[in-house]
Amino acid sequence: DVMADVLKLIQSREENACRTGARAVRHLGHVAAAAENSLALLLRHDCWEVRKEAALAIGALGPTARHAAPELAAALQDCDQVCRASVEALGGLREAAAGYAEDVALVLDRPDRHARRKATRALGRIVLPGTLTEQLASKLGARLVDDDGHVAAAAAEVFGSLGGEASAPHAARIVAMMGCGCTRWAGEGGSAAKSAAHSAVAALLDKPQGAGAREATLAAIAELGEDASQLASSVALLLSDDDRHMREEALRTLQAIGPCSETKAYVGDIALLLQEPFGNLRAAAL
């Protein structure tokens with residue numbers, strides 16, 4: 001029995017055996033769920049390498065390992081290597097670890113950039129869309145100007161996936177990343193930040209339940225003017241939005257972007273709005 005052998009290794013408490021057993025669980029994945037409790041105990045092992053492997057193994061078990069979440073949360077205060085593995089594991093638990101979002105958010109302030117990256121991504125996995133709190137949003141917003149471009153990119157991605165009204169105060173910073181992404185951060189980090197910001201802006205505009213975030217995003221795009229021409233297609237999608245105020249804001253944003261090939265492609269869509277019964281909307285279309 002493979003699992004029986006794996007459990008013997010994990011429960012032996014001997015360093016090499018424990019590491020080998022934990023790695024075996026990572027390869028077996030959720031079918032090794034029976035090892036959850038034994039792995040959780042290893043998070044208190046004297047050897048940091050064992051603790052790291054145990055955390056990674058729990059993460060490989062997925063949401064079924066939700067009972068190990070408290071031990072993983074406690075391990076976030078461990079050394080960098082164990083912290084990284086533990087925060088990644090909590091992300092692997094997804095919404096089963098939602099109650100530990102605040103613990104994960106504390107990792108965003110650690111000096112270790114790799115831990116910050118993993119914590120940012122973990123929040124995107126454990127926080128449900130539309131449930132982002134102002135406090136968590138503030139923590140994530142600070143990472144949009146992180147010294148590491150990959151951390152900033154991850155933060156933008158999380159805002160794009162979660163949306164909600166708590167994202168509104170940070171929309172302008174996300175839009176601004178598109179212009180400074182490759183200058184604020186060098187190399188791949190800059191490219192990642194710029195690309196993630198573009199995707200996040202499109203995602204925020206596509207979430208009708210976050211009207212405040214959509215309006216804030218449109219306002220920030222309008223501030224960029226012609227430099228935001230690459231976002232014209234995302235803005236133009238709102239010309240057929242159910243909310244007439246959103247249609248009007250989209251028109252004004254396209255006007256701010258100005259006449260360019262990207263906006264001219266939507267002249268026909270704009271012309272259709274001249275038939276609207278609302279005077280303000282017709283005036284904006286003109």
Are [X] and [Y] grouped together when hydrophobic residues (ILVMFWY) are joined by side-chain heavy atoms under 4.5 angstrom apart?
X: Val267; Y: Ile257; result: no
X: Leu39; Y: Leu9; result: no
X: Leu162; Y: Leu136; result: yes
X: Leu144; Y: Leu205; result: yes
X: Met246; Y: Val175; result: yes

Is the shortest heavy-atom distance from the side chain of [X] to the side chain of [Y] under 4.5 Å?
X: Leu41; Y: Asn37; result: no
X: Glu95; Y: Val127; result: no
X: Ser167; Y: Leu204; result: yes
X: Glu188; Y: His150; result: yes
X: Ser86; Y: Leu72; result: yes
X: Asp148; Y: His114; result: no
X: Tyr100; Y: Pro70; result: yes
X: Gln135; Y: Glu102; result: yes

Exercise for the section: Tell me, with the steps shown, if Leu239 and Arg247 meet side chain to side chain contact (heavy atoms under 4.5 Å, CB included). Expected result: CA-CA 5 Å; Leu239 294 176; Arg247 298 199 296 276; 5.7 Å; no

Measuring from atom [atom1] of [X] to atom [atom2] of [Y], what distance do you get when rounded to the nearest 0.5 angstrom?
X: Thr120; Y: Arg125; atom1: OG1; atom2: CZ; result: 10.5 Å
X: Ile58; Y: Leu90; atom1: CD1; atom2: CG; result: 9.0 Å
X: Ile174; Y: Ser199; atom1: CD1; atom2: OG; result: 11.5 Å
X: Arg143; Y: Lys139; atom1: CZ; atom2: NZ; result: 8.0 Å
X: Gln77; Y: Cys83; atom1: CD; atom2: SG; result: 9.0 Å
X: Leu132; Y: Phe159; atom1: CG; atom2: CZ; result: 6.0 Å

Is a side-chain N or O of [X] found less than 3.5 angstrom from the main chain of [Y], in a donor-acceptor match?
X: Arg252; Y: Ala219; value: no
X: His45; Y: Arg13; value: yes
X: Trp185; Y: Asp146; value: yes
X: Ser195; Y: Ser191; value: no
X: Glu14; Y: Ala17; value: yes
X: Thr131; Y: Leu128; value: yes
X: Arg173; Y: Gly141; value: yes
X: Glu249; Y: Glu215; value: no
X: Glu165; Y: Gly212; value: yes
X: Ser38; Y: Ala35; value: no

Taking all atoms of both residues into account, what is the closest heavy-atom pair of [X] and [Y], and its distance?
X: Thr64; Y: Ala33; value: OG1-CB, 4.4 Å
X: Asp78; Y: Arg110; value: O-NH2, 3.1 Å
X: Leu43; Y: Ala54; value: CD2-CB, 4.1 Å
X: Ala202; Y: Ser234; value: CB-OG, 3.6 Å
X: Ala97; Y: Ile126; value: O-CD1, 3.7 Å
X: Met177; Y: Ala156; value: CE-CB, 4.1 Å

Run the salt-bridge test on [X] and [Y] with the 4.0 Å N-O cut-off and return the result as yes or no.
X: Glu53; Y: Arg19; result: no
X: Asp147; Y: Arg113; result: no
X: Arg116; Y: Asp109; result: no
X: Arg244; Y: Glu248; result: no
X: Arg214; Y: Asp241; result: yes

Practice task
May I have the step-by-step check of salt bridge (Lys or Arg N to Asp or Glu O under 4.0 Å) for Arg44 and Glu71, ending in yes or no?
Solution key: CA-CA 9 Å; Arg44 301 180 185 180; Glu71 295 289 346; 2.5 Å; yes

Practice task
Check the surroundings of atom CD in Gln230: do more than 12 heavy atoms from other residues, nucleotides or ligands lie under 6.0 Å from it?
Solution key: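 More than 12 heavy atoms, drawn from other residues, nucleotides or ligands, come within 6.0 Å of this atom.
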
Handout entry: Enclosure of Gln255 CD (heavy-atom neighbours >12, cutoff 6.0 Å)
Key =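 Counting neighbours around CD of Gln255, 12 or fewer heavy atoms of other residues, nucleotides or ligands fall under 6.0 Å, so no.
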
Practice task
May I have the step-by-step check of side chain to side chain contact (heavy atoms under 4.5 Å, CB included) for Leu42 and Arg51, ending in yes or no?
Solution key: CA-CA 6 Å; Leu42 287 186; Arg51 299 196 301 274; over 6 Å; no

